[in-house]
Amino acid sequence: MPPMPAPLSLNKIWLIGFMGCGKSTVGAHLAKALGYKFLDTDLQIATQEGLSVERIFKEKGEKYFRHLEKDLVACLNQVPSPLVIATGGGLPLQVRLKGTLIYLHLDFEGLYARLLNDSNPRPLFKDKESLHALYQQRAPLYEGMATFKLEASSAPQELALQLVTLLAQKP
Ligand code: S3P
């Protein structure tokens with residue numbers, strides 16, 4: 001299928017949601033489908049710093065990481081070309097994002113199962129109870145800021161196609 005250009009007003013498309021919901025995978029598929037560039041904030045920060053996110057947390061602290069996230073958003077806001085951006089789960093809670101915000105939603109048990117099987121270490125995933133508390137705190141915040149909320153249980157390619165349709169209907 002040829003890339004389908006979205007309207008120009010959709011200059012920045014941010015994928016938001018709890019860790020493990022599939023922002024990076026879905027974001028990459030969506031960018032490809034729209035013919036947009038794709039950026040993953042965790043990957044960008046890790047590349048910039050020459051350290052994994054896990055090591056940044058360990059060696060420099062969460063506060064330092066959050067500053068990097070805010071600086072990166074400020075830079076991205078200056079980029080004139082359309083972008084699909086997969087955010088780290090805590091990023092949209094640090095800084096107000098401008099553009100179209102897509103919340104990939106999964107219920108807590110679904111996320112927990114995915115995180116248990118995920119090889120990417122999450123510094124904030126310590127145990128089920130504290131993860132659940134974080135989920136309960138964040139889920140309504142993601143929901144409140146989202147332009148669209150999408151159930152994230154389908155395959156990433158399928159979700160990207162659903163999003164292309166949703167975005168094309170956006171006034
Ligand atoms: C975080 C989520 C992680 C990463 C960091 C902090 C969070 O990204 O940014 O470990 O605060 O939820 P993912 O959402 O891609 O796992």
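Remember, it's 1-based here, ligands and their atoms both numbered in the order they're listed. The model shown is predicted, which means the values in this text are computed figures rather than measured ones.
Here the protein heavy atom with the shortest distance to atom 10 (O) of ligand 1 is P123 CD, 3.3 Å. The single protein non-hydrogen atom nearest to atom 12 (O) of ligand 1 is R138 NH1, 2.6 Å, given as residue, atom name and distance. Ranking the protein heavy atoms by distance from atom 3 (C) of ligand 1 puts D42 OD2, 3.5 Å first. The nearest heavy-atom contact from the protein to atom 16 (O) of ligand 1 is R122 NE, 2.4 Å.
Residue F65 has at least one heavy-atom neighbour below 4.0 Å for each of these atoms of ligand 1: 9 (O). Atoms of ligand 1 lying under 4.0 Å from any heavy atom of V53, numbered from 1 in the order shown and given with element: 5 (C), 10 (O). The contact set between ligand 1 and L124, taken as ligand atoms under 4.0 Å from a residue heavy atom, comprises 7 (C), 11 (O). Set against the non-hydrogen atoms of G88, the atoms of ligand 1 under 4.0 Å away are 8 (O), 9 (O), 14 (O).
Around atom NZ of K128, more than 12 heavy atoms belonging to other residues, nucleotides or ligands sit under 6.0 Å away. No more than 12 heavy-atom neighbours from other residues, nucleotides or ligands sit within 6.0 angstrom of CD on E129.
Closest heavy-atom approach to atom 11 (O) of ligand 1 among the candidates E54, K23, R66: R66.
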### Task
Could you check Y64 against E49 for side chain to side chain contact (heavy atoms under 4.5 Å, CB included), going step by step and ending with a plain yes or no?
CA-CA 11 Å; Y64 179 80; E49 293 291 299; 2.7 Å; yes
### Task
Begin with the C-alpha distance, continue with both residues' side-chain angles, and end with the deciding distance and a verdict on side chain to side chain contact (heavy atoms under 4.5 Å, CB included) for V164 and L30.
CA-CA 7 Å; V164 169; L30 177 62; 3.9 Å; yes
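By the 30° and 60° cut-offs, the orientation of the rings of Y142 relative to Y103 is tilted.
Across all their heavy atoms, A86 and K23 have their closest contact at CB-O, 3.6 Å.
Among Y135, F125, F18, the single residue meeting the side chain to side chain contact (heavy atoms under 4.5 Å, CB included) criterion with Y112 is F125.
For the pair E69 and T87, the minimum side-chain heavy-atom distance is 4.5 Å or more.
Considering both main-chain and side-chain atoms, T87 never comes within under 3.5 Å of ligand 1 through any nitrogen or oxygen pair. In terms of polar-atom proximity, defined here as any N/O pair under 3.5 Å, G89 does make such a contact with ligand 1.
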